[in-house]
Amino acid sequence: MELARRMQLKDKVLTGGYESYMNYILEPSGLTLEDLRSHPAGMRGKVIFPPRERTYEDEPFHTLSGKVEFSSLVLEKYKESRGYDPLPVYKDFREQDQVDRKEYPLILNTGARKPQFFHARMYRLPWLSGLETNPMVEIHPDDGKTYGIADGDPVKVTSPVGEMKGTAVYSITGNPGIVYIYHGNKKGEANNLIDRNYLDPYTGFPGYKSYFCKIEKQAEVTENAVSTEV
């Protein structure tokens with residue numbers, strides 16, 4: 001909103017003030033900020049949108065052809081100039097030759113979410129952020145045995161571009177060989193472990209779910225300890 005003001009954009013939604021903007025966001029639910037203030041534990045939306053099925057019968061797909069495209073007509077236009085393949089071809093990111101996979105044998109995933117931290121802004125709430133003294137580093141029990149790390153041990157996660165300290169937590173929701181760290185935590189920002197140039201060649205999206213790392217047990221973890229320089 002401040003950026004819009006400085007750019008002198010005449011947008012009713014962005015220039016109406018913070019509370020006006022939040023009410024605009026809430027409007028489809030039938031709720032207002034005042035409703036939420038009077039129900040600090042939360043409340044159910046007054047307007048519930050059921051899941052939609054067979055939406056293609058009412059509106060076309062948002063593609064050039066208006067249909068499902070296994071071969072993209074958009075990418076087809078840039079095949080010669082950019083080398084884009086309109087038909088998706090699987091390429092295993094683990095075959096990246098610029099990363100020493102013996103040094104960094106594990107896959108780093110920073111794109112997962114927790115119910116209480118479904119958005120990075122939730123870490124700004126002291127009572128939620130206080131639930132975790134240090135960033136939680138989820139690993140499979142099999143990896144814990146492989147690397148001599150017990151549930152609750154202090155650990156250091158290192159990538160080719162940075163390192164971060166946290167507390168190991170055993171979890172069987174993920175596969176062995178993968179380290180899960182939740183993003184948005186100022187006590188240890190997992191996204192700082194990912195090379196800023198590690199991007200999808202088609203969309204430019206960062207590889208939050210598929211970078212490389214190693215994990216080591218530490219003697220102890222200092223609260224809020226974090227480093228992004230190796």
Side-chain angles (χ1 to χ4, degrees), residues 3-4 7 9 55-56 59-114 117-123 135-140 142-143 146-147 155-166 171 173-186 188-216 226-230:
L3 180 62
M7 295 176 65
L9 298 178
T55 57
Y56 57 85
E59 58 183 88
F61 289 98
H62 300 292
T63 60
L64 291 180
S65 65
K67 302 177 181 180
V68 174
E69 293 183 357
F70 292 104
S71 183
S72 170
L73 294 181
V74 172
L75 294 179
E76 178 71 34
K77 295 194 302 181
Y78 301 100
K79 184 174 182 179
E80 297 298 328
S81 61
R82 303 291 180 87
Y84 291 159
D85 192 332
L87 186 66
V89 177
Y90 175 73
K91 296 180 180 179
D92 195 328
F93 61 89
R94 288 167 293 193
E95 297 176 358
Q96 295 282 338
D97 56 10
Q98 71 269 31
V99 176
D100 186 343
R101 291 308 311 281
K102 291 184 178 179
E103 177 69 14
Y104 304 103
L106 301 174
I107 297 302
L108 175 64
N109 184 318
T110 71
R113 300 174 186 270
K114 295 182 181 180
F117 297 128
F118 65 90
H119 192 284
R121 290 186 65 176
M122 297 294 100
Y123 281 107
M136 296 174 62
V137 179
E138 293 189 4
I139 60 174
H140 194 279
D142 291 351
D143 290 328
T146 299
Y147 298 103
V155 293
K156 179 175 70 172
V157 179
T158 307
S159 79
V161 296
E163 65 180 38
M164 193 189 83
K165 296 179 180 179
S171 173
T173 59
N175 292 327
I178 302 178
V179 175
Y180 294 89
I181 305 177
Y182 294 86
H183 61 284
N185 190 347
K186 290 186 177 181
E189 179 49 82
N191 291 342
N192 288 334
L193 298 177
I194 300 175
D195 191 328
R196 66 181 61 188
N197 295 315
Y198 186 64
L199 308 172
D200 179 84
Y202 285 70
T203 66
F205 198 81
Y208 293 140
K209 298 181 181 293
S210 58
Y211 201 51
F212 311 91
C213 71
K214 64 180 178 180
I215 188 169
E216 304 167 277
V226 59
S227 170
T228 57
E229 294 182 3
V230 178

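In this structure, Pro60 and Lys67 have side chains that are not in contact, with every pair of non-hydrogen atoms separated by 4.5 Å or more. Using a 4.5 Å heavy-atom threshold, the side chains of Leu108 and Thr110 count as touching. Looking at Leu64 and Glu69, their side chains come closer than 4.5 Å, going by heavy atoms from C-beta outward.
In plain terms, the two heavy atoms of Val161 and Asp195 that are nearest each other are CG2-N, 3.6 Å. The two atoms that bring Val137 and Ile215 nearest to each other are CG1-CD1, 3.9 Å, heavy atoms only. Residues Lys102 and Asp100 come closest through the heavy atom pair N-OD1, 3.0 Å. The minimum heavy-atom distance between Pro105 and Lys214, with the atom names listed, is CD-CB, 4.0 Å. Across all their heavy atoms, Pro160 and Val99 have their closest contact at CG-CG1, 4.2 Å.
One distance of note links CD of Glu216 with NZ of Lys165; it measures 10.5 Å at 0.5 Å rounding. The distance from the CG atom of Asp200 to the CZ atom of Phe205 is 9.5 Å, given to the nearest 0.5 Å. Residue Ser159 holds its OG atom at 12.0 Å from CG of Leu106, rounded to the nearest 0.5 Å. Here the CG atom belonging to Asp142 is positioned 11.5 Å from the OH atom belonging to Tyr147, to the nearest 0.5 angstrom. Residue Asn175 holds its CG atom at 7.0 Å from NE2 of His140, rounded to the nearest 0.5 Å. Atom CE of Met164 and atom CD1 of Ile181 lie 3.5 Å apart (nearest 0.5 Å).
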Residues Tyr182, Glu138; criterion side chain to side chain contact (heavy atoms under 4.5 Å, CB included); working and verdict: CA-CA 9 Å; Tyr182 294 86; Glu138 293 189 4; 3.2 Å; yes
Worked check of side chain to side chain contact (heavy atoms under 4.5 Å, CB included) between Leu193 and Tyr211: CA-CA 8 Å; Leu193 298 177; Tyr211 201 51; 5.6 Å; no
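A donor-acceptor distance shorter than 3.5 angstrom exists from the side chain of Asp143 to the backbone of Gly177, with no hydrogens or angles considered. Here the side chain of His183 pairs no donor or acceptor atom with the backbone of Ala190 at under 3.5 angstrom. Listed for the Ser72 side chain is no donor-acceptor partner under 3.5 Å among the backbone atoms of Pro86.
The 12-atom threshold is not exceeded at CD of Glu80, counting heavy atoms of other residues, nucleotides or ligands nearer than 6.0 Å.
Ring pair Phe212/Tyr198 is perpendicular by interplanar angle, where above 60° counts as perpendicular and below 30° as parallel.
For residues 66-85, the pairs satisfying ring pair (Phe, Tyr, Trp, His ring centres under 6.0 Å) are Tyr84-Tyr202, with sequence neighbours left out.
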